[in-house]
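A, B, ... follow the sequence lines: proteins, then strands. Residue 1 opens every chain. Any value given below was found using the heavy atoms of this structure, including those in side chains, with hydrogens, waters and symmetry copies removed.
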Amino acid sequence: MLDIRLLREQPDLVRAGILRKGEDPANVDTAIGLDARRRALVQQGEALKSRKNTVSQQVAAMKAKKEDATSVIAEMRGVADEIKALDEELKRVEEDLRTVMLQIPNLPDASVPDGRTPEDNKPIAHWGAPPVIDFTPKPHWDLIKSLGLIDFDRGTKITGAGFPVYVGKGAKLERALISFFLDHAEASGYTELLPPLMVNADSATGTGQLPDKEGQMYVAPLDGFYMVPTAEVPVTNFYRDEILGEEQLPVKLCAYTPCFRREAGSYGKDVRGLNRLHQFDKVELVNLVHPSRSMQALEDMRATAEQLLQKLGLHYRTLLMCAGDLGFTQVKKYDLEVWSVGQQRWLEVSSVSNFESYQARRLNIRYRPAGGGKPEMVHTLNGSSLALPRIVAALLEQYQTPEGKVIVPAALHSYTGFEVIG
RNA sequence: GGAGAGGUGGCCGAGUGGUUGAAGGCGCCGGUCUCGAAAACCGGUAUACCGCUUGCGGUAUCCAGGGUUCGAAUCCCUGCCUCUCCGCCA
């Protein structure tokens with residue numbers, strides 16, 4: 001959430017940002033009103049508590065001197081009830097305020113272009129060129145079937161649609177890519193975590209999956225756990241409710257996890273083959289940085305992800321997302337899209353975002369400035385580096401031979417132990 | 001799953017109803033001493049919110065939430081977590 005002080009002091013700026021995202025700024029005034037009410041209640045309640053404390057000490061002093069305190073005690077009897085009533089109303093107001101604040105989105109950065117739809121996203125970089133193939137390239141789902149790399153049908157039998165079973169060289173290729181991605185992150189200064197694949201409600205709330213995106217997660221209701229939709233959730237929560245030393249920054253964490261998404265409502269060619277799954281593998285990067293360095297960190301993370309695509313020799317483009325296509329919590333975001341030869345379209349394989357202090361405030365992750373002084377919110381960022389299935393799809397399609405084999409890119413040889421599939 | 005013990009400040013640890021935000025120790029910061037350092041000694045050392053405000057005042061916080069009381073770290077209830085023993089188990 002945003003800092004309530006920003007709403008108090010610069011409501012117009014907040015409203016303008018919300019409008020750029022295409023959201024309704026009405027909540028700003030609601031929040032400001034609740035905040036004023038809250039502060040009035042705090043002052044009333046604290047005045048009473050102050051008196052209560054003073055009188056209680058008087059009672060203690062009188063009893064020590066064996067004096068009669070009956071009349072003073074009787075006088076205070078009603079005050080406790082007054083305090084309780086005020087505290088209850090304060091609690092309600094604070095809950096309402098938090099609810100409203102959670103409904104106010106983060107504001108887009110000044111460098112983010114205006115726009116409402118994906119067409120307004122701004123391509124800012126291209127790498128490579130569409131591969132020249134002098135035969136009709138097959139889509140990856142045909143290659144997967146003929147080479148026996150992934151068994152979708154048996155996955156459906158075991159669990160359901162969208163839960164693939166990787167088989168033989170398909171499994172080995174998946175494992176090779178995960179290791180390759182993690183090693184690259186490590187070389188870029190990241191510390192690897194292998195986190196829980198289920199999280200509790202506090203964690204899911206901290207990163208913003210709850211309360212509104214509950215329907216996108218798989219739930220274990222008996223224990224109140226959620227299957228992770230992305231490693232962002234357990235990894236960003238690693239330092240929840242902690243105060244870091246400034247010298248610890250930047251914190252750079254990476255993690256491989258399977259990701260579980262219910263993804264209701266998708267259909268058609270978008271879900272064929274590896275395009276969209278309920279369970280898929282991904283390596284995620286998370287940064288906790290000093291506020292003055294988050295925009296640089298965003299560029300660094302984007303570069304880290306792009307380098308992987310370059311090493312794999314995959315043609316890709318980078319988009320700067322427009323204000324209307326930003327997520328609720330994001331200030332600035334890049335998407336990386338890889339070219340699918342078999343499908344003749346771009347596939348999103350990475351999304352790199354800066355949340356500034358919005359997520360940190362919700363997670364309560366702060367740092368103590370080096371010279372001492374009050375703790376301040378860190379800035380958080382995350383990015384995929386990378387999501388596996390569409391990489392596998394693009395890779396199979398781009399490196400296929402007329403005979404229906406697939407040449408493994410050199411960068412992966414030491415991981416796969418084979419150079420050709422088929 | 002069964003039985004027991006326990007959760008106090010950055011850390012260790014005292015405290016079982018009344019000037020306790022919390023003894024003592026460690027750590028850390030500043031100072032004295034020293035050519036310098038160590039030792040010793042002195043002082044300081046939480047977070048959040050509210051208010052006036054370059055400092056101060058108020059309130060809350062001794063796992064969390066409720067309760068008893070004029071007053072709770074201290075008593076009662078619930079939850080969470082940790083440890084020990086037994087059982088089960090990759």
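Here the P atom of nucleotide B/C50 and the CG atom of A/D87 are 15 Å apart, to the nearest Å. Computed from coordinates, the A/N364 CG to B/A64 C1' distance equals 16 Å when rounded to whole Å. When rounded to the nearest whole Å, the span between CG of A/D81 and P of B/C70 equals 9 Å. In this entry the distance linking CZ of A/R361 with P of B/A48 reads 13 Å, nearest Å. Remark: C1' of B/C50 and CG of A/L86 are 14 Å apart, rounded to the nearest angstrom. Straight-line distance from the OH atom of A/Y367 to the P atom of B/U47: 14 Å, rounded to whole Å. The distance from atom CD of A/Q57 to atom P of B/U20 is 8 Å, rounded to the nearest whole Å. A straight line from CZ of A/F225 to C1' of B/C80 spans 11 Å, rounded to a whole angstrom.
Contact of the A/F355 side chain with the A/Q330 side chain is registered, since non-hydrogen atoms from C-beta on lie closer than 4.5 Å. Side-chain contact between A/M377 and A/N364 is present, with heavy atoms from C-beta onward closer than 4.5 Å. For the pair A/L147 and A/V406, the minimum side-chain heavy-atom distance is below 4.5 Å.
Side-chain N/O atoms of A/K52 include none lying less than 4.0 angstrom from OP1 or OP2 on B/U69. Close to B/G18, at under 4.0 Å from its OP1 or OP2, lies no side-chain N or O of A/N53. Of the side-chain N and O atoms in A/R51, none sit less than 4.0 angstrom from OP1 or OP2 of B/C70. Distances shown here put a side-chain N or O of A/S50 below 4.0 Å from the OP1 or OP2 atom of B/U59.
Around CZ of A/R98, the count of heavy atoms belonging to other residues, nucleotides or ligands within 6.0 Å does not exceed 12.
With 3.5 Å as the limit, one finds no donor-acceptor pair spanning the side chains of A/Y256 and A/E192. Counted by atom type alone, A/Q359 and A/N382 present zero donor-acceptor pairs between their side chains at under 3.5 Å. Using modelled atom types and a 3.5 Å distance limit, the side chains of A/S203 and A/N200 yield a donor-acceptor pair.
Counting only heavy atoms from C-beta on, A/V59 has its side chain closest to B/C70 among B/C50, B/C70, B/G67.
Taking the C1' atom of each, B/C62 and B/G1 are spaced 33 Å apart, rounded to whole Å. Going from the C1' atom of B/C33 to that of B/G21 covers 34 Å, rounded to whole Å. When the C1' atom is compared between B/U53 and B/G44, the two are found 23 Å apart, to the nearest whole Å. To the nearest whole angstrom, the two C1' atoms, one in B/G6 and one in B/U19, are 31 Å apart. Separating the P atom of B/A39 from that of B/C77 is a span of 49 Å, rounded to the nearest Å. Rounded to whole Å, the P atom of B/U82 lies 22 Å from the corresponding atom of B/A14. Atom C1' of B/U8 sits at a distance of 14 Å from the matching atom of B/A72, rounded to the whole Å.
Base-pair partner of B/A64: B/U78 (Watson-Crick or G-U wobble, both distances under 3.5 Å). Under the Watson-Crick or G-U wobble criterion, with both distances below 3.5 Å, B/A22 has no partner in any strand shown. In this entry B/A37 has no Watson-Crick or G-U wobble partner, no candidate having both defining distances under 3.5 Å. Across every strand in view, B/G1 sits in a pair with B/C86 that passes the Watson-Crick or G-U test at under 3.5 angstrom. Base-pair partner of B/G71: not found among the strands shown (Watson-Crick or G-U wobble, both distances under 3.5 Å). Summarising the base pairing, B/C56 is matched to B/G51 through a Watson-Crick or G-U wobble pair whose two defining distances lie under 3.5 Å. In this structure B/C28 sits in a base pair with B/G44, meeting the Watson-Crick or G-U test at under 3.5 Å.
Between A/H290 and A/Y367, the ring-plane angle classifies as tilted under the 30° and 60° cut-offs.
Both A/R366 and A/A60 sit near RNA chain B, but only A/A60 has its closest nucleotide nearer the 5' end.
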Requested in this report: Take A/L312 and A/L412 through the test side-chain contact (heavy atoms from CB on, under 4.5 Å) and record every step on the way to the result.
Outcome: CA-CA 8 Å; A/L312 292 173; A/L412 292 176; 3.8 Å; yes
**Report entry** CA sep, side-chain torsions, deciding dist, call: A/L395, A/H140, side-chain contact (heavy atoms from CB on, under 4.5 Å)
**Finding:** CA-CA 9 Å; A/L395 200 141; A/H140 67 270; over 6 Å; no
Can you list, pair by pair, the side-chain donor-acceptor contacts under 3.5 Å of residues 167-180 of chain A, counting residues two or more places apart and other chains?
residue: A/K169; atom: NZ; partner: A/V420; partner atom: O; Å: 3.3
residue: A/K172; atom: NZ; partner: A/T416; partner atom: O; Å: 3.0
residue: A/S179; atom: OG; partner: A/R175; partner atom: O; Å: 3.3

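Within residues 30-49 of chain A, the residues having any heavy atom closer than 4.0 Å to RNA chain B are, in order of number, A/R38, A/R39, A/V42, A/Q43, A/E46, A/K49. Non-hydrogen atoms lying under 4.0 Å from RNA chain B are contributed by nothing in residues 236-245 of chain A.
Between A/Q44 and the choices A/L86, A/L90, A/I83, the side-chain contact (heavy atoms from CB on, under 4.5 Å) rule is met once, by A/L86.
When heavy atoms are screened at a 4.0 angstrom cut-off, A/A61 is found touching no nucleic acid atom at all.
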